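Below: one structure, written as structure tokens.
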Amino acid sequence: MPPQPVHKRVHPRGVFSRFKGNIEAITIGVKFFFNPERSTLIYPKEYIKLKDGYRGFIVLIKDKCINCGSCARICPAAAMKLIRLPFTDPKTGRTRMKLWPVINYNRCIFCGYCVDVCPTEALYHVPYHDVVWDTMEEAETDLEKFQKPPEWKTEKEGIPVRYVFDEKKGLVKVRVEGEE
Amino acid sequence: MGALEILWKIISWPPLWQLIVLGLIVPLLVVIYILWFERKTAARVQRRIGPLHVSPKIAGGLQLLADLIRYSFQEIIIPKTVDKAAFISAPLIALILSILPVVGVPFTDKPEWFPIPMDYSLLVVLALVTLSPIFLIVAGWASNNKFSIIGGMREAFMITAYELIIIVSVASAGVAVGSYNIVDIVHAQTGWKLLGLLNPIAFFTAFVGVLLATSGFPFEIPESEHEVVAGAFTEYSGLMYGINMGAAYLKRMVYSIVLSVAFLGGWLPYTPGEGFVSGYLIPSIVIMVKATILMMIFSFLRAVYGRYRLDQALDLAWKIMFPLAAIGFGLSLAEAYLGIF
Amino acid sequence: MSGFVRGSVGYNDLGLPGMWTRRIGKDVYEVFIGPQHPGSGHTRIIIWVDGDIIVDSEIDMGYVHRTMEKLSEGRQWIKAIPLFERMAIHDACNVTLPYVRAVEKLLDVEPPERASYLRVLLCEINRIAAFLYGFGIFGVFLGHSTMYMWPFGDREVWVELAEWLTGARLTHTYPVFGGVRRDVPAGFTDALRKAIRYMRRRLEDYRKIFVDNPVIRSRLEGVGVIPKKIAVELGITGPNLRASGVEYDVRMNHPYEVYDRLDFEIPVFEEGDAYARVLQRVEEIKQSLRILEQVADWLDKHEKTPIMAEKFWKTAPPLYKKVFQEQGRVKLPATFAIMKVPAGKAYERGETARGEISYYVESNGANKPYRVRIHSPSARNAIVFKYILPGHRVMDLPAIYGSIDYFPPEADR
Ligand code: SF4
Ligand code: SF4
């Protein structure tokens with residue numbers, strides 16, 4: 001059934017509505033005062049263990065890459081660039097110049113196009129993106145750096161938590177146990 | 001006389017208590033506690049944690065000290081266009097005047113511990129209380145900034161609204177008892193004949209009047225951030241801004257003290273005895289605890305209400321609160337006539 | 001509007017170098033609210049006040065103008081999607097969907113039915129999140145700090161859902177030409193149903209502390225009234241228009257995706273004041289929850305089928321199909337980066353949380369758009385500040401601003 005317009009009117013103010021409204025407002029305030037139902041994340045003492053499929057930092061699996069350049073071509077922020085490096089084929093032993101992708105995290109917007117367009121799944125996301133670099137240069141990767149996930153300090157210092165959905169409290173923070 | 005005894009004499013020397021402890025240290029502690037409580041309450045109602053990282057063990061209790069230190073190291077910017085003398089002196093005078101009314105409040109019934117013994121202490125306190133807002137307007141005017149002037153003007157409007165309400169409703173406590181001496185008022189309330197219970201209307205209007213006077217929610221109009229930035233304090237920075245804010249809380253503390261002696265029975269149910277501890281320390285602590293609880297209620301309202309519009313606040317004050325205060329006054333007269341006290 | 005003189009002659013009254021003042025009408029104050037004012041956002045509202053009454057007002061937009069239309073001409077078709085998202089990142093799917101649909105029109109592809117449902121799913125999640133965002137800002141404008149924190153906290157529920165679905169909290173880049181990028185993960189619909197029930201409870205809490213709060217009611221009732229006729233003449237849009245009694249919602253009048261197959265109401269309020277606009281948004285959240293419930297049922301009932309248009313999916317190599325089967329992730333065809341779109345013109349519109357957004361897309365057959373014209377809802381609503389503010393008090397300004405839910409980055413583009 002297609003959507004229908006429904007005309008409504010503002011409910012009028014009754015004689016006691018001012019009184020009732022004040023009481024209701026204060027009651028609910030008191031209720032939350034005694035039962036706060038907090039869900040604050042005390043970052044960085046706790047950090048969210050993000051779900052698989054989160055579009056975080058990107059890592060290259062060099063062996064799978066076929067140097068097609070699609071990832072650089074589709075990147076909307078020009079964060080993925082191709083660099084020309086010599087490559088020695090292990091089978092034939094011949095050395096040729098090839099184009100390899102590298103990423104510049106100063107520009108990346110984590111849209112994930114590059115991962116999705118790569119024909120051989122040579123790129124993948126790691127599920128975090130909270131890393132601080134001291135200089136802009138450090139946020140640029142070369143081919144070596146691009147093959148390793150960036151160092152994730154939060155993981156070493158914090159407790160992993162995960163939010164689960166709950167009918168009464170919305171999001172409930174639970175500690176992730178048993179991993180690592 | 002041993003050294004310890006001399007030390008005890010110095011510690012329990014009345015002027016020291018009245019000036020240093022009551023005048024400076026207690027207000028500072030209470031204001032710090034209330035600011036912390038206000039932030040924590042709002043955080044609880046809003047499902048947050050509030051200040052924590054400065055001292056996680058005591059739930060962020062030192063946060064306010066940290067803020068104070070930050071304020072005191074901030075640069076105090078005095079714009080070129082302001083009236084310098086007024087700009088600098090107004091907040092300081094306001095600070096002094098907002099704590100001054102305490103001189104009229106006896107914290108016990110032993111006259112040697114009175115700051116200034118007098119027979120009309122309630123009226124004197126009420127008169128002194130109304131002085132400090134003038135300097136807020138001066139501060140706004142001296143700032144030569146549109147937002148400051150609008151903020152100052154709003155404060156001026158609010159004064160007209162709350163002053164009469166507070167005076168009428170607090171004075172009705174004196175009327176019921178037949179004396180404007182706070183000691184008599186407190187004595188009359190012995191045996192749970194608290195004026196707050198016997199004359200709830202006056203207590204309620206006084207409560208709302210204090211909210212109006214100290215820009216508590218829902219009447220936080222003169223400093224309303226979303227129209228006038230910080231009201232009269234827009235041009236102030238650093239410690240000067242801190243002083244302005246602190247003065248508002250001191251004012252609220254003084255009002256709470258007045259309400260707790262006039263309506264909540266002051267040092268009752270404790271009966272002051274002889275000596276420093278029994279005669280002064282415990283009764284004053286009782287009063288301060290009552291005042292602090294009142295202030296906590298004021299703070300709690302911040303989490304529940306938004307703010308009224310200026311004209312609506314004035315409407316409420318004149319059309320509802322003032323007649324109510326008059327009814328409360330009448331009730332007091334009736335009670336005095338019936339001789340309840 | 002009073003006829004005082006807005007002077008323009010420069011005076012150096014203050015004696016400060018470079019600080020020129022201008023004299024305006026007697027007894028009139030010229031107050032600049034913004035762009036660095038706590039109550040303005042990235043825009044400037046100039047008001048002239050006589051006492052406490054605003055006699056004239058002007059809105060000065062463009063502080064966050066990012067030349068989006070021009071930028072899009074310099075990049076390939078698909079790269080414009082993440083760009084347009086940045087108009088209103090908390091409403092990302094709604095804002096970009098009409099663009100995607102316009103390009104699909106030119107390409108002559110149709111998304112599969114499942115993809116349409118998924119688009120509606122994310123659109124409604126975004127809509128609720130954007131309304132909650134608006135409520136938060138509105139609450140703090142009225143000095144109600146709890147109403148600031150609660151909606152922002154509850155918005156997290158929806159942002160979390162969107163993140164689970166798309167992999168990013170805000171800039172989802174979810175709809176692409178021919179479909180969407182991910183299928184729903186396992187267990188998603190259960191979480192969605194929980195979130196819906198939770199939101200219904202919370203709306204009751206909001207009612208108690210904010211909507212029915214006497215202080216808030218007195219602040220909003222009869223304030224910023226936009227009569228039906230004026231609303232149409234000014235061309236305002238979205239919930240603001242419907243709160244003035246006009247039955248117009250793109251989802252109803254020009255249905256797109258699967259909206260015409262869903263059962264929901266378009267609430268319309270008659271009063272047209274700020275309070276009606278608040279209730280309008282509350283009602284719309286309720287309707288969005290209804291839509292989400294139906295989408296969740298549909299998704300549970302139907303098999304996992306491809307969510308990319310046949311045209312692109314039939315040539316997909318086996319690896320692509322394997323990734324889709326295992327992870328529910330659609331791998332984009334390599335041609336997307338350099339895709340040429342047939343020459344032509346297309347016009348599409350959609351209903352965002354703030355109103356109707358429309359895209360006019362023109363292609364000359366190249367791999368980049370020839371022209372993209374965006375007409376965004378906040379730009380249409382901004383005119384309210386000029387014509388509705390005069391006559392109100394200064395303290396009504398935040399109430400009207402908040403109730404319009406004006407969002408400068410979207411208006412300035
Ligand atoms: S995630 Fe997006 S912006 Fe980042 S490198 Fe990949 S394509 Fe470029
Ligand atoms: S798209 Fe994949 S295979 Fe092609 S260059 Fe990039 S990483 Fe290598």
Side-chain angles (χ1 to χ4, degrees), chain A residues 1-11 13 17-22 24-29 31-32 38-40 48 50-56 68-77 109-113 115-121 125 127 163-171, chain C residues 75 78-79 82-83 146 153-154 156-157 160 163-164 167-168 171 173 181-182 185 191 194-195 197-198 201-202 205 208-209 212-214 217 221 245 247 249 251-252 255 259-271 275-276 279 283 317 319 323 327 329-332 334 336-338:
Chain A
M1 199 174 64
Q4 291 300 325
V6 176
H7 284 261
K8 307 201 170 191
R9 290 201 81 94
V10 173
H11 48 285
R13 263 175 139 175
S17 77
R18 176 178 281 222
F19 186 69
K20 183 166 158 263
N22 277 317
E24 270 182 350
I26 291 177
T27 319
I28 193 149
K31 185 181 138 205
F32 275 91
R38 298 172 170 132
S39 55
T40 311
I48 303 180
L50 291 159
K51 300 186 177 74
D52 291 337
Y54 184 80
R55 305 204 306 242
C68 69
S70 290
C71 50
R73 226 172 290 130
I74 206 167
C75 178
I109 56 172
F110 301 104
C111 64
Y113 276 175
V115 176
D116 282 356
V117 85
C118 177
T120 57
E121 284 281 278
H125 288 291
Y163 280 112
V164 293
F165 292 89
D166 185 273
E167 248 173 70
K168 297 234 167 65
K169 295 182 180 165
L171 291 174
Chain C
R75 51 191 64 212
I78 194 165
K79 296 185 185 177
L83 174 70
T146 301
D154 294 334
E156 206 60 20
V157 175
E160 194 85 2
E163 183 213 293
W164 196 4
T171 47
T173 326
R181 287 175 63 194
R182 302 215 184 167
K194 278 183 192 162
R197 283 194 289 266
Y198 169 71
R201 297 168 77 95
R202 289 297 283 168
D205 289 352
K208 283 182 188 158
I209 207 156
D212 269 0
N213 191 323
R217 276 198 85 152
E221 271 176 333
E247 296 169 8
D249 187 313
R251 292 175 293 173
M252 175 177 73
Y259 277 117
D260 49 354
R261 274 180 253 170
L262 298 167
D263 173 25
F264 65 104
E265 294 168 4
I266 304 293
V268 177
F269 275 84
E270 302 292 330
E271 282 82 358
Y275 193 63
L279 290 179
E283 292 297 322
L319 177 72
V323 170
Q327 303 174 17
R329 187 153 59 89
V330 173
K331 290 196 62 77
L332 305 174
F336 264 27
I338 43 167

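Note on naming: letters A, B, ... go to the chains in the order of the sequence lines (proteins, then strands), and numbering restarts at 1 for each one. Since the structure is predicted, the reported quantities are computational estimates derived from the model, not experimental observations.
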Most chain C-contacting option - heavy-atom pairs closer than 4.5 Å, from Glu24(A), Glu167(A), His125(A): Glu167(A)
Taking Trp164(C) as the fixed residue, which of Phe165(A), Tyr163(A), Tyr54(A) is the one that meets the side chain to side chain contact (heavy atoms under 4.5 Å, CB included) rule? Phe165(A)
Which one, Val115(A), Val164(A), Ile28(A), leads in non-hydrogen pairs under 4.5 Å with chain C? Ile28(A)
Has Arg181(C) got a side-chain atom pairing as donor or acceptor with Gly112(A)'s backbone, closer than 3.5 angstrom? yes
Quick one: do Phe32(A) and Ile209(C) satisfy side-chain contact (heavy atoms from CB on, under 4.5 Å)? Show the steps, please. CA-CA 11 Å; Phe32(A) 275 91; Ile209(C) 207 156; over 6 Å; no
Side chain from CB out, backbone as N, CA, C, O: work out which of these in Asp52(A) comes under 4.5 Å of a heavy atom of chain C, or both, or neither. neither
So, the side chain of Arg73(A) versus the backbone of Ile338(C): is there a donor-acceptor pair under 3.5 Å, distance only? no
Ionic contact status for Lys331(C) with Glu121(A), cut-off 4.0 Å: yes
Partners passing salt bridge (Lys or Arg N to Asp or Glu O under 4.0 Å) against Arg217(C) (at least two apart in sequence or in another chain): Glu221(C)
Is it the backbone or the side chain of Cys75(A) that comes under 4.5 Å from a heavy atom of chain C, or both, or neither? backbone
Engaged part of Thr40(A) at the chain C interface, taking heavy atoms whose separation is under 4.5 Å: neither
Highest number of heavy-atom pairs under 4.5 Å with chain C among Thr27(A), Leu50(A), Ile48(A), Val117(A) belongs to Val117(A)
Go through the steps for Leu332(C) and Ile74(A) under the test side-chain contact (heavy atoms from CB on, under 4.5 Å), then give the verdict. CA-CA 10 Å; Leu332(C) 305 174; Ile74(A) 206 167; 4.1 Å; yes
